[in-house]
Structure formats: C-alpha cells, structure tokens
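The structure appears right after this line, and notes come after that.
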2 protein chains.
Amino acid sequence: MDPQYQIASYIQRFISLTEEEASHFSSKFKVVKVRKKQFIVQPNFTAKKRFYVVEGALRSFVVNKSGQETTIALAINDWWITDYNSYIFQQPATMFVEALESSTLLELDFEKEQDLKKSNPKFETFFRIIAERGLASQQRRITMNLTKSAEERYTYFTEKYPQFLQHIPQYALASYLGMTTEFLSKIRNNKVKGKS
Amino acid sequence: MDPQYQIASYIQRFISLTEEEASHFSSKFKVVKVRKKQFIVQPNFTAKKRFYVVEGALRSFVVNKSGQETTIALAINDWWITDYNSYIFQQPATMFVEALESSTLLELDFEKEQDLKKSNPKFETFFRIIAERGLASQQRRITMNLTKSAEERYTYFTEKYPQFLQHIPQYALASYLGMTTEFLSKIRNNKVKGKS
DNA sequence: GGAAAAAGTTGAAGTAGATTAGGAAATATG
DNA sequence: CATATTTCCTAATCTACTTCAACTTTTTCC
C-alpha cells in the first residue's frame, strides 16, 4: 500500500477531510526507509522531524554516564515517534531514536507542520488531538510505573500491547517497563522468587 | 486581582488575542473556591471540567485496593489540573483531584471548551500548545522516574520546582516522586544509609 | 488554648529487584 | 554454513528502598 495513502487514512480517523485537504496533508510527508540500528534522532542535535511509522519498529532511549540505556518510548506501525521535548521546543535532543528493525516511516518536518497548521484549522485540530491522546496515555503510564510491581507492569503491557511483543527485543522492553533485562527474563519464565 | 483577568493574561503568553477575543475566552471560565481536602474530581464520575489554579494547591491521586494513595500530579498557581484521561475522553475518572489548601480556581467545562475551539482557531492553537507542553514535560518526568535514584529525583524536584515545596505536604510529594514518606524524610534529613 | 488528629521522624528488619558473572540460544554476516 | 556477535537465561549475592512500629512535632478546630 502507498505510504502517503496511509497517513491520509490515519488522519481521517480523527477529523474528516475533503480529498483535496487529505492530499495536501499527505504531500508534506516524506517517505523514509531506515535499516535496523539506524538512528533518526541523536542527542545534541535538534529533532527537526517527527515520524509516523508505516511499517517496522523503533524506540527512543537515553544513555546515562555509565553507558546504560533506558528505553523511553516504543513505536510500531501507526504510532508516532521522536524526542518530543526536542521537537516541540526545537531544542537539542537528549535522546536517541533508533530503528529496532528495518522500517518505513513518514517524516514530517517541523516547519512543514507549522505551515499545515497555519493553512487549515482542521490540521491544528488534528495535532491537538494527537497531543491530548499522548498526554492521556502518558498519564496512564506514569500511574502504572508508580503503583504497580514489575510483574504487574509486564502483564499489563502484554495484554494491552500484544502486537509490540513480536517486534521489540526484551532488553528494550525491560527498560521501558522500568526493570532489568535479567529480571524480565525471570518474570517471563516464572522464576521470580516466591512465585509458582 | 480579578481571576478572569488572570486567565486572559495567561493565554496571551502563548497566542496573541484582541481584547474582544480575550474577553470571550475568559467568559467561559467560572471562578470556584474550594476548601482544603475538598474533592473536585472523583473516581467513577466523569471529569466534566479542567481547572486552572489562580491561587492555592491541589493534587490528583489514585488509591489502590489496600488504600494506599499515590500522587499523580501537583498544581499550584498558573498550573492546570484534572484527570486528563477522564476529561479528554469523557470517560469515568480513576483519580481524585483534591485541594491541599483552600484555593481559587477557574473551571472550564468540557462542552464550553469545545465551543471555544470551534469558534476561533486561535483557541484550538492554544489548547494544542498546552497539550504539547504537557506531553514534553511528562516525557521528562517518565525519563527521571526510569533513570534516577530516589535522592536524585528529590534533588531535581527541589531545584526545578522550589515554589511547590512551600505548598505540598511531604506525604503527597513522596508518592509523586515514587518513594515512601519515610524514605523522603530520611533523604531530607540526610539519614540515608551510606550518606554523610 | 487544649485535646485530638494529622503529619513528619527514626531505627530495625525485610524484600523487590539490581548487579555480577557465566553459559546457552538465537541471529547476523562474511 | 560457520563463526562472531547479539540476545537471552540462570543463579548467587547484594542493596536501595519498603514495611512496621513507636515516637515527636505540627496543625486543626471546638
């Protein structure tokens, strides 16, 4: 399927557009293919784009001084990814965004996004809606992280996002869920002390 | 100072409005005074409003089956608060929002917010901007929670949000930062084992 | 302004999950 | 298709933080 068509179909889940509007919207996106392990956002460089995933899998992560990587966000098809703090404020990024497998993306340049929003209030509405949905989902994630045990967080994730499990290596998922890869391995193999 | 004036001044930090637009915007807000310990959002009831804090302090929190409370968000003057997951999707709330001290709020009804956004694209832009800023700030919070120790999270908070410390009881702050009130007490009094 | 309730403190003991280290699978690539 | 690299697993040891319990201080409110 044509990637440009996909983004037009995606936006129309949230707002209704004429054919002309839909094709104007799609025209601002550029198809990008990335290979596994390729970076599309890097610390100290401003994230100039946000990315809609057509196919594949990516993650954003931070690295601390001792080299430990922590996954902050995950994305498969139909999800968006970038370093939002960098993109929204057009400031230097603190994160990497990396392809976990070869992927097809639609990139939207920050300036083009501003043009879209200026050109038609419907597009402004669209970006407002996806920001609000992101906000609500991050509120749920913060709540999970503060209130649930490692095992409960993993169980919740597998039930809520089963499609991710096929694409995300365990080391990336573990730090996303706030635990080590060793501990996640024990959970998955039911070897947590005190569990049957 | 007139509370309605404050919200007009607040929105103009983000977008410029004519006097008429500013007063149209302000007119949709209703001044509400709440006393300490009063709830403005409760689980199972849909959050029909979002609240801009003129003066005072509030928190949102969840309660688990064993009665333990976890603070999810904090708000003092110039901040917004509600259960966003409930408000945005107009679904039953899972959180309480409670006044930590007697406060003056400006409440915005969900329906009135929709009217505002329909009436003028500038208002759509405003709500998009505050959603995006919330998104970026939550991304930072998730990163902190996943990568820093309890003591580092506390130190970061005191440096970044010193104004909150005067208003927020320690038990509320502790669970917001993802630790027990006992442990936060030890951090504050430098009694953490292995620390000088 | 005095009693009761709420909030904060301290220390001892316990535990969820981290760290370390080594080996086994799986996957990539020449 | 073999071997190098990456990912995953297991188990012993360790620790950052929790739990519990008793106490002190601060705040509330009749």
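Each chain gets a letter, A, B and so on, in the order its sequence line appears, and its residues count up from 1.
Each of K36(B) and L184(B) lies near DNA chain D, and the nucleotide nearest L184(B) is the one positioned closer to the 5' end. For Q68(A) and K37(B), each mapped to the nucleotide of DNA chain C holding its nearest heavy atom, the one lying further toward the 5' end belongs to K37(B).
One atom, CG of L100(B), and another, P of dA7(C), lie 10 Å apart when rounded to the nearest Å. Rounded to whole Å, atom P of dC17(D) lies 12 Å from atom CG of L177(B). Between the P atom of dT18(D) and the CD atom of E151(B) lies a distance of 13 Å, rounded to the nearest Å. Following rounding to the nearest Å, L146(B) (CG) and dG17(C) (P) show an atom-to-atom distance of 14 Å. The nearest whole Å value for the distance from the CG atom in N64(B) to the P atom in dT18(D) is 14 Å. A straight line from CD of E182(B) to P of dA22(D) spans 14 Å, rounded to a whole angstrom. If you measure from atom CZ of R188(B) to atom P of dG8(C), you get 8 Å, rounded to the nearest angstrom. Rounded to an integer number of Å, the gap from K148(A) NZ to dG17(C) P is 13 Å.
When distances are taken from the side chain of N189(A) to each of dT27(D), dC9(D), dA18(C), the shortest belongs to dC9(D). Listed nucleotides: dG17(C), dA6(C), dC17(D). Nearest to the side chain of A150(A): dG17(C). Distance from the side chain of Y171(A) is smallest for dT7(D) among the nucleotides dA6(C), dT28(D), dT7(D). Taking every side-chain heavy atom of P169(B) into account, dG8(C) is the closest of dC8(D), dG8(C), dA11(D). Of the candidates dC17(D), dT10(C), dA11(D), dA11(D) carries the atom nearest the K186(A) side chain, counting heavy atoms from C-beta on. Taking the side chain of R153(A) as heavy atoms from C-beta on, and the options dA28(C), dG17(C), dT19(C), the nearest nucleotide is dG17(C). Considering only the side chain of F183(B), dT18(D) comes nearest among dA28(C), dT18(D), dT9(C).
Residue contacts for S149(B): at a heavy-atom cut-off of 4.0 Å it reaches the sugar-phosphate backbone alone, with no base atom in range. Using a 4.0 Å heavy-atom criterion, one finds that E101(B) contacts no nucleic acid atom at all.
R141(A) forms a cation-pi arrangement with Y176(A), by the criterion of a distance under 6.0 Å to the ring centre and an angle within 45° of the ring axis. Judged by a 6.0 Å distance limit and a 45° cone about the ring axis, K117(B) is positioned over the six-membered ring of F127(B). Both the sub-6.0 Å distance and the 45° axial angle are not jointly satisfied by R128(A) relative to the ring of F123(A). Geometrically, R59(B) engages F61(B) in a cation-pi contact, judged by NZ or CZ lying under 6.0 Å from the ring centre and within 45° of the ring axis.
The aromatic rings of W79(A) and Y161(A) stand perpendicular to each other, their planes meeting at an angle above 60°, with 30° marking the opposite boundary.
At the phosphate of dG17(C), neither OP1 nor OP2 sits under 4.0 Å from any side-chain N or O atom of T180(A).
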